[in-house]
Amino acid sequence: MPYRFRTSLKSSDVTPKSAWMNRRALLAGAGGAAFAGAIGLPARAELSYVKSPYSTQAEPNSLEDITSYNNFYEFGTGKDDPARHAHQLTTEPWPVKIDGMVGKPGTYDMDDILGGVTLEERIYRFRCVEAWSMVIPWIGFPLADLLRRVEPGPGAKYVAFETLVRPEEMPGQRRAILDWPYREGLRLDEAMHPLTILATGLYGDPMPKQNGAPIRLVVPWKYGFKSIKSIVRITLTDREPPTTWNMQNPREYGFYSNVNPEVDHPRWSQATERRIGGGLFSSRQPTLMFNGYGEEVAGLYAGMDLTKHY
Ligand code: MTE
């Protein structure tokens, strides 16, 4: 049974799809179906999921915004490159290696990873370090659920993540744009935080390839580049792991990269952001500390100088 049809939920637990269906009908009426075909979104089965109290009440961006304006350098550096090229990526089978300081290391497939997991809809604000933002209705589950199952060892302090390297299917990887594979990392307490999810879908469907199919990280209080896509390796370690943008330019991108309107990027202000889809004349909006998730996460950084640990 393909993982995307799997569910451990009773139908009574499951969110009615009428809201999304209405949205889709509207989208289709406005040429959305043609759009989906044009950017190569496959016809997909809908996922079963429950709603989450962690979701924002803000209006999500359209499926078109979320799937046509992307950063995924493995497919090129243009915002439309992922939508144009990601269809080339083979996502089945998808083995994920989990190693390092864990009681149960191994290579897990998507059925293993999703077995017994309750998928949730998490509508999160998403703030890119480039000062644009969206609201995205992810489908996923807490990273903590997976980490607990593989049993972090007593010395584990960090979690490192890697995206696959497959230049045959990822044209951006035929050039040394970044030091492949794309790498990211979290402190273990950040990784175990209930807001941190592994997302396997959005808008009720499995993850579009340009958004990081079949499984990606989402850490809503950090700049978007921490939310690594198409993960093939998760390593528990006692050392702060090397991370792609920090290796590329340590002065501009720190390990923590918490959204912080008071710490500017050396080349631009982080005080405000442009909400994608807001229209040509929409005004910029203020960026919130920890992207508005301070109540939940500020305690993780108590006593730390966030100007130094940017
Ligand atoms: N993951 C990989 N493997 N490669 C990338 O280039 N870009 C990051 C992040 N994850 C990136 C990645 C950046 S800069 C952002 S802003 C988000 O993905 C964009 O996610 P989205 O395209 O789903 O909005």
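Numbering of ligands and ligand atoms starts at 1, following listing order.
Atom 6 (O) of ligand 1 has Tyr73 N, 2.8 Å as its closest protein atom, hydrogens excluded (heavy atom only).
The proximity of Lys226 to ligand 1, defined as any non-hydrogen pair under 4.0 Å, does not occur for either the backbone or the side chain. By the criterion of a heavy-atom distance under 4.0 Å, both the backbone and the side chain of Asn71 are placed next to ligand 1. At a heavy-atom distance under 4.0 Å, only backbone atoms of Ser227 (N, CA, C or O) approach ligand 1. If you look at Glu74 next to ligand 1, the close heavy atoms, those under 4.0 Å, all belong to the side chain. Heavy atoms of Phe126 found under 4.0 angstrom from ligand 1 belong exclusively to the side chain. Counting heavy atoms under 4.0 Å from ligand 1, residue Tyr182 touches it through the side chain alone.
Considering backbone and side-chain N/O of Trp245, none are found under 3.5 Å from N/O of ligand 1. Between Gln210 and ligand 1, no pair of N/O atoms sits closer than 3.5 Å. Geometrically, ligand 1 and Arg216 share a nitrogen or oxygen pair separated by less than 3.5 Å. In terms of N/O distances under 3.5 Å, ligand 1 is approached by Lys229.
Each ring-ring contact (aromatic ring centres under 6.0 Å, His included) pair with one or both residues in residues 141-173, not counting sequence neighbours, appears once here: Tyr158-Phe255.
Judged purely by distance below 3.5 Å, without hydrogens or angles, the side chains of Thr287 and Glu273 pair a donor atom with an acceptor atom. For the residue pair Tyr301/Trp221, the side-chain donor-acceptor check at 3.5 Å is satisfied. In summary, the side chains of Glu169 and Thr90 do present a donor paired with an acceptor at a separation below 3.5 Å, with no hydrogens or angles considered.
Near Cys128, meaning under 4.0 Å from any of its heavy atoms, are these atoms of ligand 1: 16 (S). Using a 4.0 Å cut-off to heavy atoms of Thr163, the atoms of ligand 1 that qualify are 3 (N).
The two residues Phe75 and Asp81 make their nearest non-hydrogen contact at O-CB, 3.2 Å.
Among Arg275, Arg274, Arg127, the one residue that satisfies the side-chain hydrogen bond (donor to acceptor under 3.5 Å, both in side chains) test with Ser133 is Arg275.
Ring planes of Phe225 and Tyr223: parallel class, angle under 30° (limits at 30 and 60°). In this pair, Trp132 and Phe126 present their aromatic rings tilted. The plane angle is within the 30 to 60° band.
Taking a cutoff of 4.0 Å between a charged side-chain nitrogen and a carboxylate oxygen, Lys51 and Glu120 do not qualify as a salt bridge.
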